[in-house]
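One structure is given here, and the rest of the page talks about it.
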Amino acid sequence: MPYDHASIEQKWIKNWKDLGLYKFDENSSKEKKYILDMFPYPSGAGLHVGHVEGYTATDIYSRYMRMKGFNVLHPMGWDAFGLPAENYAVKTNIHPDITTNEAIKTFTSQINRLGLSYDWSRELATHKKEYYKWTQWLFLLLYKKGLAYKKEALANFCPSCQTVLANEQVVDGKCERCGAIVSQKLMNQWFFKITDYADRLINGLDKLDWPSSTKLAQVNWIGKSTGAELNFKVAKEGAFSLDSEDEYIKVFTTRPDTIYGCTFLVLAPEHKMVSKIVTDEKKVEVEKYLLEAKGKTELTRTTEKDKTGVFTGGFVYNPFNEEKIPVWISDFVISTYAEGALMAVPAHDERDHEFATKYSLPIIPVIKARVAKYLVVEKSLKPEKVIEMLKTWTFEIKEVSKSWGNIFTVNVPVEKEPEMINFLKDNLLETSDDGGAWYCDSMGTTNNILVKDKHFKINSNKDLEDFKAYERTKGIPEDQLDVKLKVFSDKDGILMNSDMYSGLSVQDAFEKMLKFADDEGFGEKKVQFRLRDWLISRQRYWGAPIPIIYDNDGNFMPVNEADLPVELPTDIDFKPTGISPLTYSKKFHEIDTSKYPNAVSREMDTMDTFVDSSWYFLRFCDPNNSSEFGSKEKMNKFGPVDLYMGGAEHTVLHLLYARFFTKVLFDEGLINFDEPFLKLRHQGMIIASDHTKMSKSKGNVINPDEICNTSGADTLRMYEMFMGPLDQSKAWSVDSVKGIRRFLQRVFDFSEKIDSNTTDVSVSENAEINILIKSVTEDIEAMKFNTAVSSFMKFINFAEAEGKICMSTWENYLILLAPFAPFLTEELWEKIGKKTSIHNELWTTHDESIISSRIQTIVVQVNGKKRALFDIKPETSEEEVYRLAFESIKDKVKESDVKKKFYVKGKIVSFVI
RNA sequence: GCCGAGAUGGCGGAAUUGGUAGACGCACGGGACUCAAAAUCCCGCGGUAGUAAUACUGUGAGGGUUCGAUUCCCUCUCUCGGCACCA
């Protein structure tokens, strides 16, 4: 009988649906596992093979967990609001609701073909009013908690999409969606105060089982810096329009210890003090600069290499030494970070240095960096000799060690470092003419190499080449030279030119200066975050309306909870004009003034779709609840998510927002956990066989439906698992798909050879099946599905070589394979006379004693090289193993030559001769 | 520039408390079956030398530690991903 995947799949899809096989039992007493995929955006393009990879992985995991006896919640839904559907509507004038529902239909049928075990009774979609009612409710909750606020702010505006974008949605100064260059526009916008949670969003990561790179990306995104906020008093002379005698300019710095090196201040063009501090004679020049800066887009502002700036004519006093410092304006200062102003220390900051050099501003070094602890010598010099030489030094040496090649680490006390330099100059370089010593001095970016009286500044590989060329002139071949670049941070240095603080270490100075500033009231310790509040307003149609009403004085009030949802109207024009399409809906603005006195209009912006997708995992716990966001009991019972699977492209945005919401709801007492996803894994990207991204225009897209048609869903599933490690990006291979199909065919064919009458299992068969149980179980737990698939192949190779295996082994084999190939295994399960679904079977366990009682192969090594092999029984004694090992190599080695011997139990005997 | 991940046959990949490198699959070569092809089955398959047994060599490059290194340490090169004037 041929393996006809099409009829098998059709049969079981219907059968499982009729049985309600994957329905989640809310009242089960079993322990729960919540296993979730990132829900997809239902695009018109249909399901992508990348979706299939992640969904198959969680499906295998879910099926495995069910068979292990857990109550598995494994739902699916749709991230249905969003720009593509709306853009399509603009083009075709077909309502997004229609295209979205069409796409969902397509996705659903595609997913069902794959045999994914979702419980469809819990399906949700963010564009349904039953769902977005609660998105709006969540907005109101944040509003009540003071976490949602409206503010006029410069927003990233995409001229093509005609809407503002969150910072996160601007990539390289361009719109993430359409690639248009983003401009800045001053608009009145709604924000969520995610910055209030910055610290907790960092700390909460500790207890999560997430890829470390993802955690790190979140930490970097939040960007916590510890430093100080310092006030610089504005110098009174000059024709400034100061409001009071005591006007200050506030700056944030992570290096208050370098303040004696501060030679100017720089303000962002948008800084509020700019207009006050500029002198009459500089006015024209400054205004011209401000105009230029305003005209620049974010893109040119960040990619421009040359720093530009203008002097305001104004001065401030350095609070530590009362020095008068000029105030400049430059657009390299970001107005939205900290105070939008910085103290420039050109001697110790690369950007400040560039600026100071360009405009001839003074550069005062205030940190002396540690002497480099490395010494470079000629290669032919024996290590022992160098150590000996160093030990003759007249001052204390903490430690001398050979670190690599001919580079030696020499640790000396900080205060002895000048002495060490002199020693190198005077002594070592005299005695070793061909070597050199190098160290780095005050500028952290420069390395100086001293070679007798010649002094090389080394900033780049080119400089290094020059140095090598110089050495070559002295007749030393290049491969004899060992020179390495190493930059020493001036954070390890000691202060100089800093009055009473000179001589202190950076760390000490930092603390002492902060205390002084605090005592004197002109500064304090400050923690600054790179993370900014989340801008959620979108001037688009296809999203959840923001539940806010305005009265005729322009005041706003929240919509009453009882009046939710604020429904998305249908009498609209999609054309984006820069203001929300909802503006033009008549129906939308009909408001019951008995409830909302003086109400004239509604908020016309919709919410960023990330708002919808940042709480859906909670709704799955209680998806059909019409009276509540979700019942507290159910959310606590089924949440948090035990395993979350999705693409790495969501490492910051989605995951950060979801964690933020979870913490807010936790604080509100609505849920008893404050992290949504305990374990997170990413599936890698699947690229085309030519190693480029799959795209319609290139015509290299692999359609999952086609693979299902030609080779079957089981083949597609197993192929995607076999491609390689789950989290890696992998190229599609048409040929390799055949290999999996061939394997399933062999499994199918082998089912004919099962002997139901034989009950005595051979020793090797017993060992093989137990090894298989062990490795497949471990691989699923670790989500190493590629090696699990190879184990299945190995076993069928073994079985075919044996010619037949008995029924109990076969049953075990099918059970192990069931999560991977649900259709084929169900069919073969029925074929051996089973009346109930294989997917309701319990997982099998292995017997370790059977595995460990196998014959072991011992490798004999002589001086680390493999020389012989022999087999032993596991109980063979050590002496006996040594004896057998020597026996196997005795024609090559004399017993008297053996100096040492090692035995790694059951693995290796190693002789040293 | 900074941070992170990685580099293993013709290809995808396997092997890490340091212990037979190349599992498993694909591709390829040879053979069987066939009038023939497909499918299937058997054999081979890192490189060099050799009829062969075998020997040497080999996990991006160089060095180190070790009886023994794909695995640990140092340096370098390249590739991919993230951030990017964040004071």
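So you know, we letter chains A, B, ... as the sequences are listed, proteins then strands, and number each from 1. Here the structure is a predicted model, which means the values were calculated and not measured.
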Check: Expressed in angstrom and rounded to an integer, what is the separation of F750(A) atom CZ from rC41(B) atom P?
Finding: 13 Å
Notebook entry, point to check: With both distances under 3.5 angstrom, what nucleotide forms a Watson-Crick or G-U wobble pair with rC35(B)?
Noted result: none
Check: Which base sits across from rG18(B) as a Watson-Crick or G-U pair, both distances under 3.5 Å?
Finding: none
Margin query: Please classify the nucleic acid contact of K901(A) as base, sugar-phosphate, or nothing, using heavy-atom distances under 4.0 Å.
Written below: nothing
Check: Given rG12(B), is OP1 or OP2 found less than 4.0 Å from the side-chain N or O atoms of K730(A)?
Finding: no
Margin query: Checking base pairs now: Watson-Crick or wobble, both atom distances under 3.5 Å. What partners rA52(B)?
Written below: none
Margin query: Does the protein touch nucleotides 16-26 of chain B at the base, only the backbone, or not at all? Give it as B, S and - per nucleotide, heavy atoms under 4.0 Å.
Written below: ---BB--BBSS
Item checked: Nearest-Å distance for atom pair NZ/P, residues K250(A) and rC86(B) -> 22 Å
Next item on the list: State the pairing partner of rU77(B); accept Watson-Crick or G-U wobble contacts with both distances under 3.5 Å, and report none otherwise.
Entry: rA7(B)
Note to self: Are the side chains of V860(A) and F886(A) in contact, using a 4.5 Å heavy-atom criterion?
What the structure shows: no
Check: Using a distance-only test with no angle check, is there a side-chain donor-acceptor pair under 3.5 angstrom linking S335(A) and H271(A)?
Finding: no
Margin query: Taking donor-acceptor contacts at under 3.5 Å, does the side chain of R532(A) reach the base of rC86(B)?
Written below: yes
Next item on the list: Hunt down the Watson-Crick or G-U wobble partner of rC24(B), both distances under 3.5 Å, from any strand shown, or write none.
Entry: rG12(B)
Item checked: NZ/NE/NH1/NH2 to OD/OE distance under 4.0 Å, K250(A) and E229(A) -> yes
Check: Whole-Å distance between rC86(B) C1' and D331(A) CG?
Finding: 15 Å
Next item on the list: Would you indicate which nucleotide in rC67(B), rA87(B), rC3(B) comes nearest to any side-chain atom of L216(A)?
Entry: rC3(B)
Item checked: Side-chain donor-acceptor pair present, T692(A), D690(A), cut-off under 3.5 Å -> yes
Margin query: Syn or anti for rG22(B)? Use the chi torsion, O4'-C1'-N9-C4 for purines and O4'-C1'-N1-C2 for pyrimidines, with syn inside 90° of 0.
Written below: anti
Notebook entry, point to check: Hey, are D727(A) and R681(A) close enough for a salt bridge, meaning a charged N less than 4.0 Å from a carboxylate O?
Noted result: no
Notebook entry, point to check: Between D749(A) and R746(A), does at least one N-O distance fall below 4.0 Å, as a salt bridge requires?
Noted result: no
Notebook entry, point to check: Taking atom C1' of rA87(B) as reference, at what distance in whole Å does atom CD of E229(A) sit?
Noted result: 13 Å
Next item on the list: For rU70(B) versus rU20(B), give the span between their P atoms, rounded off to a whole number of Å.
Entry: 10 Å
Checklist line | Between rC86(B) (C1') and Y337(A) (OH): distance, integer Å | finding: 4 Å
Note to self: Measuring from atom CD1 of I259(A) to atom OG1 of T253(A), what distance do you get when rounded to the nearest 0.5 angstrom?
What the structure shows: 8.0 Å
Margin query: Give me the distance, rounded to whole Å, that separates rG22(B) from rU57(B) when you measure between the C1' atoms they each carry.
Written below: 15 Å
Check: Any side-chain donor paired with an acceptor under 3.5 Å for S910(A) and Y903(A)?
Finding: no
Next item on the list: Figure out the CG/C1' separation between D749(A) and rU40(B), and round it to whole Å.
Entry: 10 Å
Checklist line | Rounded distance in Å between the C1' positions of rG44(B) and rA27(B) | finding: 14 Å
Next item on the list: For rG64(B) versus rG82(B), give the span between their P atoms, rounded off to a whole number of Å.
Entry: 38 Å
Next item on the list: Would you mind reading off the distance between M721(A) atom CE and rG13(B) atom P, rounded to a whole angstrom?
Entry: 14 Å
Item checked: Partner nucleotide, any strand, of rG1(B) [Watson-Crick/G-U, under 3.5 Å] -> rC83(B)
Checklist line | Rounded C1' spacing from rC80(B) to rC86(B) in Å | finding: 26 Å
Checklist line | Electrostatic pair E53(A):K730(A) at N-O distance under 4.0 angstrom | finding: yes
Check: Quick one: is K865(A) getting a side-chain N or O under 4.0 Å of the rU57(B) phosphate, OP1 or OP2?
Finding: yes
Notebook entry, point to check: When we call it a touch if two heavy atoms are under 4.0 Å apart, what does Q728(A) touch: a base, just sugar-phosphate, or nothing?
Noted result: sugar-phosphate
Margin query: Could you go through Y813(A) and V747(A), starting from their C-alpha distance and side-chain angles, then the distance that decides it, and tell me whether this counts as side-chain contact (heavy atoms from CB on, under 4.5 Å)?
Written below: CA-CA 10 Å; Y813(A) 187 72; V747(A) 174; 4.1 Å; yes
Check: Taking atom P of rG82(B) as reference, at what distance in whole Å does atom NE2 of H682(A) sit?
Finding: 12 Å
Note to self: With nearest nucleotide decided by heavy atoms, which residue, D352(A) or S212(A), maps closer to the 5′ end of RNA chain B?
What the structure shows: S212(A)
Item checked: Watson-Crick or G-U counterpart of rG46(B), or none if no pair lies under 3.5 Å -> rU57(B)
Check: Between R530(A) and R867(A), who's closer to the 5' end of RNA chain B by nearest nucleotide?
Finding: R867(A)
Next item on the list: Sort out the partner of rU70(B) for me: Watson-Crick or G-U wobble, both distances under 3.5 Å, none otherwise.
Entry: none
Check: Can you tell me how far C1' in rC24(B) sits from the matching atom in rU79(B), rounded to whole Å?
Finding: 26 Å
Margin query: Using atom P in both nucleotides, what's the gap between rU34(B) and rC26(B) to the nearest angstrom?
Written below: 25 Å
Margin query: Give me the distance, rounded to whole Å, that separates rU16(B) from rA23(B) when you measure between the C1' atoms they each carry.
Written below: 15 Å
